[in-house]
Amino acid sequence: MTGPLQIVLGTISVLFLIVSSVLIYRAVRAMIRIIRTGQPDGTRFGPVKARLKTMLVESVGHTRMLKWSTIGVAHWFVFVGFYGLFLTLVEAFGEVWNPEFHLPLIGTWALWNIFVDIIGTGTILGIIYLVIRRQRDHPRRQGRKSRFAGTNQGRGYFVEFVVLTVGLCILGIRAAKIASGLDDAPTWSHPVASLVSNLFPDNPDVVSIVAFVKIVVSLTWLVVISRILNMGVAWHRFSAFFNIYFKRNDDGTVALGPLQPMTSGGKPIDFEDPGEDDIFGRGKIEDFTWKGMLDFTTCTECGRCQSQCPAWNTGKPLSPKMVIMDLRDHLYAKAPYLLGEQTASETAPDYDVLKPSDEQVWASGYARIEGTNDAQAHRPLVGTLEEGGVIDPDVLWSCTNCGACVEQCPVDIEHVDHIMDMRRYQVLIESNFPSEAGVMLRNIENRGNPWGMQPSARNDWIKELDFEVTVADGPLDYDIEYLFWVGCAGAVDDRAKKVTKAVAELLNIAGVQFAVLGDGESCSGDPARRLGNEFVFQMQAQQNIEVLDGVFEGRVPGMRKIVATCPHCFNSLGREYPQLGGEYEVVHHTQLLGQLVEEGRLVPVTPIDRKVTYHDPCFLGRHNKVYTPPREILDAVQGLSTQEMHRCKDRGFCCGAGGARMWMEEKIGKRINMERTEEALELDPDVISTACPFCITMLSDALTSKKQNGEAGEHVEVLDVSQILLRSMTPVGVGAQGAKSGPDVGTKAGPDPVGEGSAATEHE
């Protein structure tokens with residue numbers, strides 16, 4: 001059935017295929033060359049079996065996309081339609097020449113027909129839903145709250161148009177065949193196409209025309225993306241598989257928890273004897289590893305990270321999405337200089353005469369300078385508008401390291417690692433960071449804690465207990481089961497000290513033998529590392545490892561147990577110290593207390609008729625996946641009613657203290673701790689509970705402000721989970737140490753039913 005029309009359309013299709021194939025080949029080759037200009041990273045290749053499994057589970061199973069269920073389902077159909085229905089494009093090349101053409105072997109197979117019918121319909125419905133969502137969530141409606149704020153909307157529309165058109169053509173070709181009597185497959189094998197066939201005339205030429213439209217639209221898409229290498233919304237269809245395969249953790253977990261050691265040339269930097277040409281952090285786009293460049297390339301601009309970011313949600317300029325977009329766009333604009341195709345001038349241009357572009361200027365550093373030019377080659381990676389920086393300093397220092405962006409990214413981009421690597425360069429090479437953080441660094445170096453307290457103050461809380469606490473002096477006796485890592489906050493901050501005493505009392509009640517380091521303990525180094533000062537972190541870590549190895553001398557693995565109340569110390573000791581040879585079994589106090597409750601060694605006996613909402617600390621929850629133990633402890637306390645905030649667990653909202661933000665002024669936008677506290681107060685709780693000294697400080701400060709403004713009841717408290725558990729341990733009328741206030745947690749008014757409050761459980 002080949003006529004003049006088929007010959008013309010077929011010829012055009014073949015010529016277009018040749019042109020588009022050449023262009024896409026050259027584009028892929030260029031992209032690979034650009035990515036290979038990055039620094040080496042040999043940790044990303046194996047084990048192959050585990051990485052392949054992760055890639056298949058995340059891509060085919062859409063496990064990360066389905067965190068947002070409806071959108072995930074819609075995207076799954078679009079995803080399967082793109083790959084699973086590729087053969088329909090092959091078939092279209094035959095149909096454009098001959099309307100009767102079917103794929104050899106499978107063309108009339110009923111199972112293939114039903115698959116095409118279902119997935120084709122799902123693709124159409126899926127993309128329509130995604131189009132509706134894009135419009136419903138559009139910045140014109142939601143402004144800054146839109147996850148698409150800053151996204152290249154035109155590119156998104158183009159991709160959506162292509163997907164919708166191709167999906168309609170897939171069903172249209174089959175419907176036209178049925179209408180023209182060219183498909184004798186049973187109706188049940190293509191029910192949708194059979195229904196749609198009533199809209200088509202009995203004319204075989206229609207089959208060729210619709211097939212031609214499908215081919216032209218598909219190949220136009222290839223040509224367009226071949227000319228725009230930074231079009232992540234299109235390129236992620238290919239690069240996402242590789243980005244998932246090469247993700248940081250071969251066990252499939254996201255790039256949270258421990259920060260990676262600083263590397264140069266693919267090898268960790270030896271801070272005692274660094275190489276002359278070692279690169280400290282990322283000061284230029286070419287300093288990123290090839291995996292970082294693959295991350296930038298893969299960003300789909302979906303904005304999930306942005307929608308969850310506490311900085312962005314409180315009016316700050318940091319959008320994780322736009323950080324990645326800016327780095328990506330700068331990478332591809334500078335590519336000719338990286339590849340040696342163009343040579344930059346010897347002197348940098350005068351950036352202060354540049355005018356910011358209208359689009360995205362309020363949040364995007366890249367938009368200050370567009371295109372491939374000499375200015376692009378010289379501009380600093382981090383800098384103000386006047387300096388021509390790709391990333392504004394206010395963007396860089398707004399990050400709390402909460403990890404919400406990494407947790408939500410469907411293609412496993414490692415935002416926090418990239419931000420931290422840029423911070424490392426700014427701190428170690430440029431010495432350019434918020435001045436108030438410098439005080440914290442000096443205090444850690446000189447006094448061993450961020451507050452600058454004398455080391456002897458670490459023993460003060462012990463004097464307030466009426467039972468003995470063993471202070472380690474040399475190797476621990478074997479009857480000591482745990483070393484209690486008190487942490488800087490737990491030892492010197494008045495609010496956190498009450499948590500320390502509560503945990504100590506609970507361990508004593510349960511008969512757990514433990515010891516502390518006293519003034520032999522020093523800062524874990526987490527604040528320094530999260531600021532970007534890797535040198536101070538390693539100095540602290542090596543000092544602490546020497547002390548810990550001393551007290552654990554002679555102990556085999558399994559007997560080197562540490563319990564910590566601070567999630568930041570918990571993360572550093574358990575997951576970062578192994579990078580420097582410190583191997584310990586570290587548990588958070590909620591994990592240990594939960595185990596003791598489960599074993600019956602701690603029995604909450606006093607009902608507490610109060611309402612509690614629990615705030616997930618980022619470094620306990622997202623970074624280390626400890627969500628259940630604190631909630632199980634609260635559930636074990638009789639009478640407590642608990643209610644979750646709408647942002648909880650892996651979507652929990654940061655308190656604002658992470659990423660060394662605890663020691664930096666919050667000068668832009670709304671305070672993050674105020675946002676979180678207001679969210680908690682919306683539930684009208686008696687107690688806001690948490691399990692982190694930083695969170696307690698931030699939430700307590702915000703709550704105090706709310707009380708002063710009359711926006712919160714005077715009875716509302718911020719308490720650690722351990723404090724609530726301790727209050728429930730003693731029967732009414734029994735004045736045991738640390739539990740005298742028993743059931744009065746969150747009491748609104750009236751006399752204390754048990755007696756005066758315990759120093760360990762009261763909270764200011």
Using the side chain to side chain contact (heavy atoms under 4.5 Å, CB included) criterion, which residues pair with Gln638? Sequence neighbours excluded. Pro607
For the residue pair Ile672 and Cys655, what are the closest heavy atoms and their distance? CG2-C, 3.8 Å
For residues Ala491 and Val486, report the shortest heavy-atom separation together with the two atoms involved. N-CG1, 3.6 Å
Of the non-hydrogen atoms in Asn401 and His623, which two are nearest, and what is the gap between them? O-NE2, 2.7 Å
Grab the two heavy atoms, one from Pro617 and one from Tyr614, that are nearest each other, plus how far apart they are. CD-OH, 3.4 Å
Parallel, tilted or perpendicular for Phe694 and Trp451, by the 30°/60° rule? perpendicular
Is the side chain of Thr642 donor-acceptor paired with the backbone N or O of Val612 at a distance under 3.5 Å, no angle test? no
Can you list the residues that meet the side chain to side chain contact (heavy atoms under 4.5 Å, CB included) rule with Asn446, with sequence neighbours excluded? Arg442
Go through the steps to decide whether Ser319 and Lys321 satisfy the test side chain to side chain donor-acceptor pair (under 3.5 Å), and finish with yes or no. CA-CA 5 Å; Ser319 158; Lys321 175 187 70 179; 5.4 Å; no
Residues Lys67, Asp650: salt bridge by 4.0 Å N-O rule: yes
Candidate pair Asn571 and Asn624, rule side chain to side chain donor-acceptor pair (under 3.5 Å), full reasoning: CA-CA 7 Å; Asn571 182 68; Asn624 287 282; 3.2 Å; yes
Looking only at heavy atoms, which two atoms of Lys497 and Trp461 are closest? And how far apart? CE-CB, 4.1 Å
With a 6.0 Å cut-off (strictly less than), is the heavy-atom count around CZ of Phe535, excluding the residue itself, greater than 12? no
Between atom CG of Leu593 and atom CD of Glu598, what is the distance when rounded to the nearest 0.5 Å? 13.0 Å
Apply side chain to side chain donor-acceptor pair (under 3.5 Å) to His589 and Asp720, showing your working. CA-CA 10 Å; His589 72 282; Asp720 187 89; 2.9 Å; yes
With rounding to the nearest 0.5 angstrom, report the CG to CG distance, Asn459 to Leu517. 10.0 Å
Under a plain distance cut-off of 3.5 Å, with no hydrogens placed, do Glu576 and Ser572 share a side-chain donor-acceptor pair? yes
Quick one: NE2 on His615 to CE on Met645, what's the gap to the nearest 0.5 Å? 7.0 Å
One should read off an interatomic distance between Arg495 CZ and Ile696 CD1, to the nearest 0.5 angstrom, of 9.0 Å
Give me the one residue out of Lys649, Arg651, Arg304, Lys625 that meets salt bridge (charged side-chain N to carboxylate O under 4.0 Å, His left out) with Glu407. Lys625
If a pair satisfies salt bridge (charged side-chain N to carboxylate O under 4.0 Å, His left out) and one of its residues is in residues 611-624, list it, with sequence neighbours excluded. Asp616-Arg631
Does a side-chain N-to-carboxylate-O contact under 4.0 Å join Glu717 and Lys498? no
